[in-house]
Amino acid sequence: MKIILQNLTKIFPSKNKKSNDVVVAVNDLNIEIPDGTLVGLLGPSGCGKSTTLYMICGLQKPTEGKVFFGDKDVTFLEPEHRGVGLVFQNYALYPHLTVKQNILFPLQNLKGDQKLSKEEALKRAREAADLVQIGDLMDRKPSELSGGQQQRVAIARALVKAPRVLLLDEPLSNLDARLRLQTREEIKRIQRETGVTTVFVTHDQEEAMSISDIIVVMKEGVVQQVGEPQKVYDDPDNLFVAKFLGTPPINVFDGSVSGGSLYIGSEKVLDDVNVPDRPVVVGLRPEGFVPDENGRFSGKLKSVEVMGRDSSIVFTSEFSQKPSARAIVDSEAGTPLDAEGNVHFNLKRTKVHIFDAENGNRIRF
Ligand code: ADP
Ligand code: MG
């Protein structure tokens, strides 16, 4: 099912009753989610991800704008008539019911020609349980399951009605690191197997990058960029997106363009920069450094962390916006130092991004 969000806006009254301020949780959001894709809604806490998700499922009504499922305007359709499955961070299972009863639950209120025989309902519940690989836990209570198993039950319960749209709000946040990795692979597999159009909300960029066909990066209710994860990483539209994606994060320096070259301090780090003279912010991806004793860019070496194949070269620079910067290089590359203890690099052109120092917009060169 294709989903279209059109000029979607949600304004909440202030929680402080004395103030007239309002919270613009979602601000004029426009996206089209193609049928059968998994879209990751990504951004820091409070940026409007959950509110967007709740407007897709109908738990929140937009202040302005529309939601379409296919060609149908569902903006004011009640959640139970939208054919959506919803999974929350905290599982929200019924503690007194078994796994089987929890998964069966959504099938019990079906009315009219949707009503299922007991056998058919059980068959569907078993299929959903098998899909998430908890078929052998059907008679347990939630308290007898691990967090990862509980979340699988919640996913089976969301899938049992064969929803047209699956919505997941930070479903992995309560799991420990190892389970988080494993469960995210599982969600990707389940999504591929069922082909259900899925919106996956997370504040974790690595999670969103690894699981999504398309990511939507949000900040303060406003969409910053939409695209394939690798494309957004390689070609960010602004400094916020560049900083939000990537571990270790992009290194940020104060610089300038002068006479068609890019400078950081007095070092001319890149030629053929087709931008009029101006101050800029320079973003350098950690993988964009090539150690070279004659390299054009330098910093004061702090430490080298060898991690098998790769090494992190940590250095300081008076032009860095953070206390230190980090280059990730091949461990065999060595660390060329001069007599003052400075490490020298050349920069890979495609890993250098420049931004407007005022508004953070990307300046392509
Ligand atoms: P996220 O899921 O990205 O963390 P939310 O969508 O939950 O963000 O919230 C976006 C903004 O809207 C936040 O500033 C939050 O405080 C505010 N907000 C969310 N729900 C309500 C509500 N029911 N009443 C008032 N403000 C709300
Ligand atoms: Mg949220």
Side-chain angles (χ1 to χ4, degrees), residues 3-31 33 38-67 74-76 78-79 82 84-93 147 150-151 154-155 158 165-175 180 183-184 187 198-212 214-227 229 232 236-245 249 360:
I3 305 172
I4 297 171
L5 308 180
Q6 205 175 71
N7 306 118
L8 208 58
T9 297
K10 181 69 183 181
I11 300 175
F12 290 110
S14 170
K15 283 177 183 157
N16 177 354
K17 293 225 167 55
K18 287 194 192 116
S19 129
N20 288 323
D21 292 351
V22 295
V23 179
V24 184
V26 178
N27 193 348
D28 195 22
L29 181 143
N30 289 282
I31 45 175
I33 299 171
L38 193 162
V39 167
L41 215 51
L42 172 67
S45 174
C47 74
K49 305 180 296 293
S50 294
T51 305
T52 303
L53 202 74
Y54 297 161
M55 288 193 282
I56 298 174
C57 82
L59 289 174
Q60 296 271 14
K61 299 281 176 268
T63 312
E64 278 175 54
K66 288 181 174 165
V67 179
V74 298
T75 313
F76 295 100
E78 291 306 316
R82 292 193 187 196
V84 295
L86 193 56
V87 177
F88 297 100
Q89 173 176 343
N90 60 6
Y91 327 136
L93 301 175
Q150 289 185 56
Q151 195 55 297
I155 295 169
V165 173
L166 180 63
L167 304 172
L168 305 148
D169 192 355
E170 311 248 8
L172 308 179
S173 296
N174 283 2
L175 306 181
R180 212 155 48 224
T183 313
R184 89 181 184 208
I187 289 174
T198 300
V199 183
F200 182 101
V201 161
T202 178
H203 64 274
D204 181 330
Q205 58 89 23
E206 198 185 327
E207 199 168 283
M209 296 272 285
S210 65
I211 202 174
S212 310
I214 293 171
I215 56 171
V216 176
V217 186
M218 292 180 71
K219 175 196 174 195
E220 295 170 5
V222 179
V223 170
Q224 304 293 304
Q225 194 166 355
V226 180
V232 178
D237 281 343
N238 62 43
L239 185 57
F240 175 82
V241 173
K243 281 173 155 177
F244 202 75
L245 300 186

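As the structure lists them, so they are numbered: ligands from 1, and atoms in each ligand from 1. In this text, all values refer to a predicted model and were calculated from it rather than measured experimentally.
The heavy-atom pair separating Thr9 from Asp28 by the smallest distance is OG1-N, 3.0 Å. Closest non-hydrogen pair, Lys61 versus Phe76, comes out as CD-CD2, 3.6 Å.
Here the side chains of Asp169 and Leu167 are not in contact, with every heavy-atom distance at 4.5 Å or above. Looking at heavy atoms from C-beta onward, Leu29 lies in side-chain contact with Met218 at the 4.5 angstrom threshold. Proximity of Asn30 to Val223: side-chain heavy atoms (C-beta onward) are nowhere separated by under 4.5 Å.
For Gln89, the side chain to side chain contact (heavy atoms under 4.5 Å, CB included) criterion is met by Glu170, Ser173, Asn174, not counting sequence neighbours.
Among the atoms of Ser50, an N, O or S atom falls under 2.8 Å of the Mg ion (ligand 2).
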Per-pair distances, ligand 1 N/O vs protein N/O, less than 3.5 Å:
residue	atom	partner	partner atom	Å
ligand 1	2 (O)	Ser50	N	2.9
ligand 1	2 (O)	Ser50	OG	2.8
ligand 1	3 (O)	Cys47	N	3.2
ligand 1	3 (O)	Gly48	N	3.0
ligand 1	3 (O)	Lys49	N	2.9
ligand 1	3 (O)	Lys49	NZ	2.9
ligand 1	4 (O)	Gly46	N	2.6
ligand 1	6 (O)	Thr51	N	2.9
ligand 1	6 (O)	Thr51	OG1	2.5
ligand 1	8 (O)	Gly48	N	3.2

